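So that the names make sense, note that chain A is the first sequence line, chain B the second, and so on, each numbered from 1. Bear in mind the structure is a predicted one, so any value in this text is a computation, not a measurement. The analysis underlying the following values was restricted to heavy atoms, covering all of them including side chains, and did not include hydrogens, waters or symmetry mates.
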There are 2 protein chains.
Amino acid sequence: MKEPLTIKDIAKLANVSQGTVSKALNNRPDIGAKTKKMILKIAEENGYSPNAFGKALRSQNSNTIGVIFRKEDIPLRNSFFSRILEGIEGELAFNRMNLVLYLMPDSESKQLPEMVREKRVDGVILVGTGNADFLKRLQQYSIPTMLVDPRQRMNDGPKLLIDNKSGAFMATEHLIQHGHRKVAFISGELSRPSFAERLQGYKNALTHYDIDIRKQYIRHHGFEAGYELTKSLLNEPDPPTAIFAANDINAVYAYKAINEAGLQVGEDISLVGFDDIDLGRLATPALTTIRVYKEELGSVAVRQLRDIIYEDSELHYTTIIPVKLIERDSVKTIVPDS
Amino acid sequence: MKEPLTIKDIAKLANVSQGTVSKALNNRPDIGAKTKKMILKIAEENGYSPNAFGKALRSQNSNTIGVIFRKEDIPLRNSFFSRILEGIEGELAFNRMNLVLYLMPDSESKQLPEMVREKRVDGVILVGTGNADFLKRLQQYSIPTMLVDPRQRMNDGPKLLIDNKSGAFMATEHLIQHGHRKVAFISGELSRPSFAERLQGYKNALTHYDIDIRKQYIRHHGFEAGYELTKSLLNEPDPPTAIFAANDINAVYAYKAINEAGLQVGEDISLVGFDDIDLGRLATPALTTIRVYKEELGSVAVRQLRDIIYEDSELHYTTIIPVKLIERDSVKTIVPDS
DNA sequence: ATATTTTTCTAAATCGATTTCGAAACTTTG
DNA sequence: CAAAGTTTCGAAATCGATTTAGAAAAATAT
């Protein structure tokens, strides 16, 4: 019911000018110690909070950043992206900043989202997206931008990448060290750099251990196509004994295909995933996978973006976040044929 | 590089006053048709977008709403809440509104989030949360609030509920109609009204079909305790032939326990879940469940909140969103003992 | 005690929009 | 054609904060 207090009200209550109140609240130098204390007390007692828009209008920054996901990425149902969002939110909240969320329809690269055109946000974080067009437009607006696991590698802005190659190497190596020589690879579209890099890591591991790379063991298609891919792999004349799935979702689909073929994961077929989402932990047997530090991805993105926005940090890093092998129960040690 | 244009710049370009520009852009009556057209053209050509803060400051509304989830609810990793968020985002984007996201630590009921104290948002949607304290404080601020599946049923604000009782009835009835007489119930803490209501629906169904309610078939504990609960159910002297899990997550845990006991879901034990999250669809065999229209929950919340905020709708509905049985492969028809 | 410096405060301008009120231009009517 | 009524426009106030420049007060130096 009661209208919220403005700085003018506080000024009246404290018998000073609103300029003085502003100085007290913002720790400005030219103010006396006792007046300051007095003003702060009054503000506190009356539960005063400065109006965000008045503040933003004058100071030209809003203390909020925009977070953009692709709508098509099933960004939120997919716990991978959700965790990144959690990381971003946590770090922003820690810095008492606000998060405005935008899910970008794939079609809409024509125009920038309103929040940036209207200057609502001090910077944006693009997760799993960012085509050249869109980025160019952002740059014209000269709004600080941070890319997280972008869909395109060619761009000069600051960005965070996942150590896909090492991770895929570790995953494949893990299978090899457990005696597997016939290791297949499944993934979504290779147009996604992350998948392409994971394929590269897989190949590197095979090469490193002097194992032939078999074309027919490498399958990629669509995003959640793990079910079909696995089914066809199992029908190979010389089927693999192990599969490295370039992401956990596809790995879980592989479970389904394997089960339906009357086989058992971790027994007849070994499986390693990538990402470490909850799904894998819940599967039976629990999925061995490469953990991506998703919250970390989010919080680091915020920290770096804050540096760029508020500290005028000029350096535009490309940061590669490491990954880690998480051993669970989906890999069986076997004796190699050869 | 180029500073964004202000309304003053457009006014200069069009050789009119800024007031006139404002009228043109906002479809005000007292403006000539040709000047209006001319101004709009100039604004368009120069890619002008009004500054959100200037606008918000003057018009006293921000065109953004705050969305609050519980941090402890694993709100985002859990696709249930994610879908609700998607629904909210979609409806807001449709209305060209902004979404600021806040994950509330459970402890923090002492203070309202900054976004509301600073008047950053025109209204808030609380999903799966809202204790009495917090709500009272919100009311003092007289900020329009919408509750979605709240954790407390005693409050007068407008709210959206899930038809838990009917859903649970349908789920249980489905099992009964497939010949099951020994139907167990598992859920998280009954302090959550949603679980309590689902238990009630379960009991109603049993009663309706003249089946005794057996205390030892009703288990509830923790949030993701489905694994242990199911394990102990299977160890009963007279174990159930079917289980109704009050949410899909617990159902998926039940899969794990059942598998580990050497039994098969949809064969030795029938299972029905509640919520219809992706996990259930992915499980083998796919989980029969009660679908909750999660996106709908989100979009309806936004529509009703918009009515309250912008249309001064005084009526504070309690809306109950229906649910639907989704038959998949986790229920087997059996011949009842009796 | 006066002059000078330093500290503390206030009044006013500003950020970018909207809105009000009155003036100017244009229509309609007698 | 003059009077009355309508439209269309612009100047200025306003929203709630911050910041600047200068005045007043206090502290220090001469």
Around atom [atom1] of [X], are there more than 12 heavy atoms of other residues, nucleotides or ligands at under 6.0 Å?
X: Glu311(A); atom1: CD; answer: yes
X: Glu45(B); atom1: CD; answer: yes
X: Tyr310(B); atom1: OH; answer: yes

Legend entry - Any side-chain donor near an acceptor of the partner, Ser17(A) and Thr20(A), under 3.5 Å: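 Short answer, yes.
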Quick check on contacts: within [range], what sits under 4.0 Å from DNA chain C by heavy-atom distance?
range: residues 52-63 of chain A; answer: Leu57(A), Arg58(A), Gln60(A)
range: residues 19-26 of chain B; answer: Gly19(B), Ser22(B), Lys23(B), Asn26(B)
range: residues 37-45 of chain B; answer: none

Any sub-3.5 Å donor-acceptor pair from [X]'s side-chain atoms to [Y]'s backbone N or O?
X: Glu296(A); Y: Ile321(A); answer: no
X: Arg28(A); Y: Leu25(A); answer: no
X: Arg151(A); Y: Asn131(A); answer: no

Legend entry - Whichever of Thr35(B) and Ile7(A) has its nearest DNA chain D nucleotide further upstream toward 5':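 Between the two, 5'-proximity favours Thr35(B).
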Legend entry - Whichever of Gln18(A) and Ala33(A) has its nearest DNA chain C nucleotide further upstream toward 5':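 Result of the comparison: Ala33(A).
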Legend entry - Divergence of helical axes at both termini of the helix from dA1(C)-dT30(D) to dG30(C)-dC1(D) - five pairs an end, 10° steps: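 That helix gives 50° between its end axes.
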Inset, instruction - Looking at every strand, decide which applies to Asp30(B) at a 4.0 Å heavy-atom threshold: base, sugar-phosphate, or nothing. - result: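 Counting heavy atoms under 4.0 Å across all strands, the contact made by Asp30(B) includes a base.
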Legend entry - Minimal non-hydrogen separation, Lys159(A) against Pro150(A), with atom names: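 The pair with the smallest heavy-atom distance is CD-CG, 4.3 Å.
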Inset, instruction - State whether Asp278(B) and Arg83(B) are salt-bridged, where the test is any N-O pair (Lys NZ or Arg NE/NH1/NH2 against Asp/Glu carboxylate O) under 4.0 Å. - result: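 Salt bridge between Asp278(B) and Arg83(B), a charged N being under 4.0 Å from a carboxylate O: yes.
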Legend entry - Covered region of DNA chain C, 5' end to 3' end, by chain B [heavy atoms, under 4.0 Å]: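 Both ends considered, the range comes out as dG16(C) to dT20(C).
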Show me the donor-acceptor pairs, under 3.5 Å and distance only, between side chains in residues 60-67 of chain B and residues at least two apart or in other chains.
from	atom 1	to	atom 2	distance (Å)
Ser62(B)	OG	Thr64(B)	N	3.4
Ser62(B)	OG	Arg120(B)	O	3.0
Ser62(B)	OG	Asp122(B)	OD1	2.9

